[in-house]
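Notes follow once the structure below has been shown.
Side-chain atoms are counted along with the backbone in the values below, which use heavy atoms only and exclude waters and symmetry mates. Here the structure is a predicted model, which is why all the values come from computation and not from measurement. Numbers restart at 1 for each chain; the letters A, B, ... are given by sequence-line order, proteins then strands.
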Protein chains: 2
Amino acid sequence: MTNNKLLSDFKDALRKEGLKITPQRIAVLEEIIKNKGHRESEDVYMAIKTRKTHVSRATVYRTLDILVQNGFARKLNLGDGRARYEPKIDSPHHDHMICNNCGKIIEFVNHEIEKIQEEIAKHHQFKLQQHIHQLFGICKECQ
Amino acid sequence: MTNNKLLSDFKDALRKEGLKITPQRIAVLEEIIKNKGHRESEDVYMAIKTRKTHVSRATVYRTLDILVQNGFARKLNLGDGRARYEPKIDSPHHDHMICNNCGKIIEFVNHEIEKIQEEIAKHHQFKLQQHIHQLFGICKECQ
DNA sequence: TTTATAATTGAGTATCATTCTCATTTATAA
DNA sequence: TTATAAATGAGAATGATACTCAATTATAAA
């Protein structure tokens with residue numbers, strides 16, 4: 001998926017929701033899909049501010065919410081009090097391994113776990129909507 | 001494990017750490033092992049305050065940390081900005097299913113997932129220390 | 001048992017990410 | 001071009017948790 005396609009998808013989504021297409025919203029989308037991954041709101045705010053578009057922290061938070069709500073981004077809670085945002089497009093579902101020493105984030109995918117999860121939910125007649133699966137420890141480089 | 005045994009274990013742990021045995025610390029332990037599970041700090045604070053021992057929020061937070069550090073309690077991050085604490089004694093390792101509607105917390109155990117997790121970590125030469133595995137959705141009663 | 005003292009406590013303040021408020025600005029439909 | 005509802009931004013509010021420091025207390029030693 002090209003960035004142009006993404007951009008127009010985002011504009012479509014905004015229209016569909018009755019939201020306006022503003023330079024700030026476009027800038028947040030562009031910053032997020034740069035695919036540096038796992039960005040903090042403050043990060044995104046600073047990057048946009050430094051580069052070109054005038055934006056406020058409030059608008060960054062608001063736009064990140066829109067991105068999450070419309071499936072363009074995923075919001076991660078790594079337990080340190082600061083949310084992270086990653087682009088959701090083109091990236092298959094994955095979970096995260098976080099280094100307790102250097103903070104590095106490694107993505108992992110495991111279909112077996114996904115399957116077992118679903119079985120567990122089913123067994124409890126629980127309608128599974130999302131999940132968080134994070135492994136914390138010390139990465140290869142930090143040992 | 002009786003509560004008396006637990007109490008004396010806690011006292012031993014405090015001594016071992018060079019910490020003093022205070023009524024406030026004992027009260028926090030007692031409140032946590034009541035096994036209502038998944039207690040918020042504010043909960044614990046109110047319960048102790050209402051019943052008997054004079055205690056402050058600060059001391060509750062400090063003591064909960066001591067309990068976690070010494071393996072008497074586990075701290076949960078459910079993504080809503082308020083930590084939960086559960087007694088760790090006698091309870092086998094488990095993860096949590098959280099109802100997005102009513103907030104109910106259901107515990108689940110799955111050894112297969114634990115095993116796969118370890119394999120994933122090993123594969124990345126990652127030294128696994130803790131993990132978070134939470135399933136969010138709608139519980140049986142809320143459907 | 002008393003004393004000395006370092007640890008603990010509590011009240012209130014600080015912090016920090018995030019959300020809210022509301023006056024001003026702007027995108028967009030007509 | 002205009003009208004207007006939505007969006008924005010600056011700063012204040014929020015809420016959980018951590019910090020500060022003077023007063024209190026547990027405990028080891030006398």
Item to check | Nucleotides bounding contact with chain B, strand DNA chain C, heavy-atom threshold 4.0 Å | outcome: C:dA6 to C:dA11
Checklist entry - Starting at the 5' end of DNA chain D and moving along, which residue's nearest nucleotide shows up first, B:Asp65 or A:Arg25? => result A:Arg25
Next on the checklist: Apply salt bridge (Lys or Arg N to Asp or Glu O under 4.0 Å) to residues B:Lys115 and A:Glu112 and explain how you reach the verdict.
Outcome noted: CA-CA 11 Å; B:Lys115 211 173 71 189; A:Glu112 186 65 20; over 6 Å; no
Checklist entry - Do any N or O atoms from the side chain of B:Asp43 and from the backbone of B:Arg39 form a donor-acceptor pair under 3.5 angstrom? => result no
Give each protein N/O atom lying under 3.5 Å from an N/O atom of nucleotides 10-16 of chain D, with the pair distance.
from, atom 1, to, atom 2, distance (Å)
D:dA16, O3', B:Gly81, O, 3.1

Next on the checklist: Applying the side-chain contact (heavy atoms from CB on, under 4.5 Å) criterion to A:Lys11, which one of A:Leu19, A:Ile21, A:Leu6 satisfies it?
Outcome noted: A:Ile21
Next on the checklist: Can you list everything that forms a side chain to side chain donor-acceptor pair (under 3.5 Å) with A:Lys140? Sequence neighbours excluded, please.
Outcome noted: none
Next on the checklist: Report for the helix from C:dT1-D:dA30 to C:dA30-D:dT1: angle between first-end and last-end helix axes, five pairs each, rounded to 10 degrees.
Outcome noted: 30°
Item to check | Whether over 12 other heavy atoms sit under 6.0 Å from A:Lys49 NZ | outcome: no
Please list each protein N or O that sits under 3.5 Å from an N or O in nucleotides 27-30 of chain D, with the distance.
from, atom 1, to, atom 2, distance (Å)
D:dT27, OP1, B:Ile21, N, 3.2

Checklist outcome for this item: With sequence neighbours left out, the residues meeting side-chain contact (heavy atoms from CB on, under 4.5 Å) with A:Thr22 are A:Lys20, A:Gln24, A:Arg25
Checklist outcome for this item: From the list A:His133, A:His38, A:His131, ring-ring contact (aromatic ring centres under 6.0 Å, His included) with A:His96 holds only for A:His38
Next on the checklist: Can you confirm whether B:Lys122 is buried at NZ, in the sense that more than 12 heavy atoms of other residues, nucleotides or ligands lie under 6.0 Å from that atom?
Outcome noted: no
Next on the checklist: Whether the A:Gln134 and A:Asn77 side chains hold a donor-acceptor pair (N or O, under 3.5 Å, no angle test) is what I'd like checked.
Outcome noted: no
Checklist outcome for this item: Between B:Glu42 and A:Gln24, whichever has its closest DNA chain D nucleotide further toward 5' is A:Gln24
